[in-house]
Amino acid sequence: MVKYFSNSTDIRSTWDHVVSAFWQRYPNPFSTHVLTEDVVYREVTADHRLLSRRLLTKTNRLPRWAERFFPSGMSRSVYIIEDSIVDPVTRSLTTYTWNLNHTTLMSVEERCVFQESGEQPASTQLKREAWISSSVYGFSRPIQEFGLARFKSNQVKAMKGLEYALSNLHGMYTAAAVKGEKCKGKGLLGPRPTS
Amino acid sequence: MNSVGEGCTDLKREYDQCFNRWFAEKFLKGDRSGDPCTETFRKYQHCVQKAIKEKDIPIDGVEFMGPNKDKPES
């Protein structure tokens, strides 16, 4: 049994800025749970797409009741792979992220597509989907529910982190374009996702 | 941001700086003239791949976007 989640949101920044910010979003004030970040593979294909793999380690914060499923001595960190394809021709960034370990306890897979919005040139649509499952005998349902709740809360942090990286980038571009003038970054995200 | 290999963080930062510049100024603009970051990437990878083996991180042989294959189109 797998829990499925999806939502769409509009980011009020150009696709170029969003994709650049995507590589620079760690660290940010909302990512204290992300311990390390490494690019472990990168390739530009013949058709000019950029393939990348990032390895992340994150802390694994569990509620008390779930700690019993963790034999002491087991590594507390979660290893996560994030594979991505940047296609500057179709103006899309597709990412696929999943955890490598602790998969019996919980497996979380997430697919994101950042697409340049055709209607408003200065915005980017993000469609996010997740599949959450647990194989712990007799407890898969509460664990999946917990997983989904934590996923939603992490996505709020992820968007805040991306917004933070975007305002840093905007600050750099604006400072270069408008010498000497201070420009405060305003909220760059569009309306809240409905889901 | 730190690398998973404690001694690799400086190499990682040097590579990241090179990549971010190349990405915004060349790649996104369709400029296909060489990649100025190959050397710094090589040094960084040498370090981080060693750390990955030492820590037994099970990343070897994991297919690119593997789990995406059994999912419906977005």
Side-chain angles (χ1 to χ4, degrees), chain A residues 4 6 14-17 19-28 31 34-44 48-53 55-57 75 77 79 81 83-86 88-89 91-92 94-98 100-101 107 109-113 115 127-129 131 169 172-173, chain B residues 1-9 11-38 40-42 44-53 55-74:
Chain A
Y4 174 76
S6 87
T14 64
W15 183 80
D16 280 41
H17 280 183
V19 180
S20 295
F22 176 75
W23 299 119
Q24 302 179 59
R25 72 191 194 280
Y26 297 127
N28 68 68
S31 71
V34 181
L35 301 170
T36 71
E37 171 208 23
D38 285 285
V39 174
V40 295
Y41 161 74
R42 203 156 241 161
E43 181 192 336
V44 180
H48 205 60
R49 291 177 308 149
L50 178 73
L51 313 186
S52 306
R53 168 168 284 178
L55 169 69
L56 307 168
T57 64
S75 161
S77 300
Y79 299 126
I81 287 190
D83 284 347
S84 60
I85 302 176
V86 181
V89 174
R91 316 294 283 167
S92 70
T94 303
T95 77
Y96 206 94
T97 305
W98 72 102
L100 277 183
N101 60 339
S107 158
E109 299 177 14
E110 182 201 41
R111 176 168 67 202
C112 293
V113 181
Q115 180 70 54
K127 179 168 180 196
R128 174 180 269 134
E129 297 169 276
W131 295 265
L169 272 184
M172 275 166 50
Y173 295 141
Chain B
M1 199 68 217
N2 290 335
S3 168
V4 72
E6 290 84 8
C8 308
T9 297
L11 292 170
K12 168 195 145 58
R13 289 194 188 153
E14 199 183 317
Y15 167 70
D16 282 346
Q17 261 184 8
C18 182
F19 170 78
N20 287 328
R21 198 177 307 126
W22 169 83
F23 184 75
E25 294 174 9
K26 304 273 183 190
F27 179 79
L28 286 183
K29 299 186 175 167
D31 186 332
R32 302 189 191 201
S33 65
D35 176 3
C37 309
T38 352
T40 120
F41 187 63
R42 195 190 58 80
Y44 167 42
Q45 288 305 293
H46 182 75
C47 187
V48 78
Q49 297 293 347
K50 194 155 155 257
I52 285 170
K53 282 200 170 47
K55 293 178 189 249
D56 265 320
I57 299 175
I59 202 168
D60 212 26
V62 175
E63 191 186 351
F64 188 76
M65 297 244 182
N68 188 42
K69 284 173 40 194
D70 62 358
K71 303 289 191 299
E73 279 273 312
S74 179

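FYI, side chains are in, hydrogens and waters are out, and symmetry mates aren't considered; it's all heavy atoms of this structure. Below, chains carry the letters A, B, ... as their sequence lines are ordered, and counting in each starts from 1.
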Item to check | Most contacts with chain B, counted as non-hydrogen pairs under 4.5 angstrom, among A:Thr57, A:Val40, A:Thr95 | outcome: A:Val40
Between [X] and chain B, with a heavy-atom cut-off of 4.5 Å, which part of the residue counts as in contact: side chain, backbone, both or neither?
| X | result |
| --- | --- |
| A:Val89 | neither |
| A:Ser107 | neither |
| A:Glu37 | both |
| A:Arg49 | backbone |
| A:Ser84 | backbone |

Region of [X] that comes under 4.5 Å of a non-hydrogen atom in chain A:
| X | answer |
| --- | --- |
| B:Asp56 | neither |
| B:Glu6 | neither |
| B:Phe64 | both |
| B:Tyr44 | side chain |

Checklist entry - Quick one: of B:Asp16, B:Asn68, B:Asn20, B:Asp35, who has the most non-hydrogen atom pairs under 4.5 Å with chain A? => result B:Asn68
Next on the checklist: Please rank B:Val62, B:Ile52, B:Thr9, B:Val48 by heavy-atom pairs under 4.5 Å with chain A and give me the top one.
Outcome noted: B:Val62
Checklist entry - Does a donor on one side chain sit under 3.5 Å from an acceptor on the other, for B:Asp31 and B:Ser33? => result yes
Checklist entry - Would one find more than 12 heavy atoms of other residues, nucleotides or ligands at under 6.0 Å from atom NZ of B:Lys71? => result yes
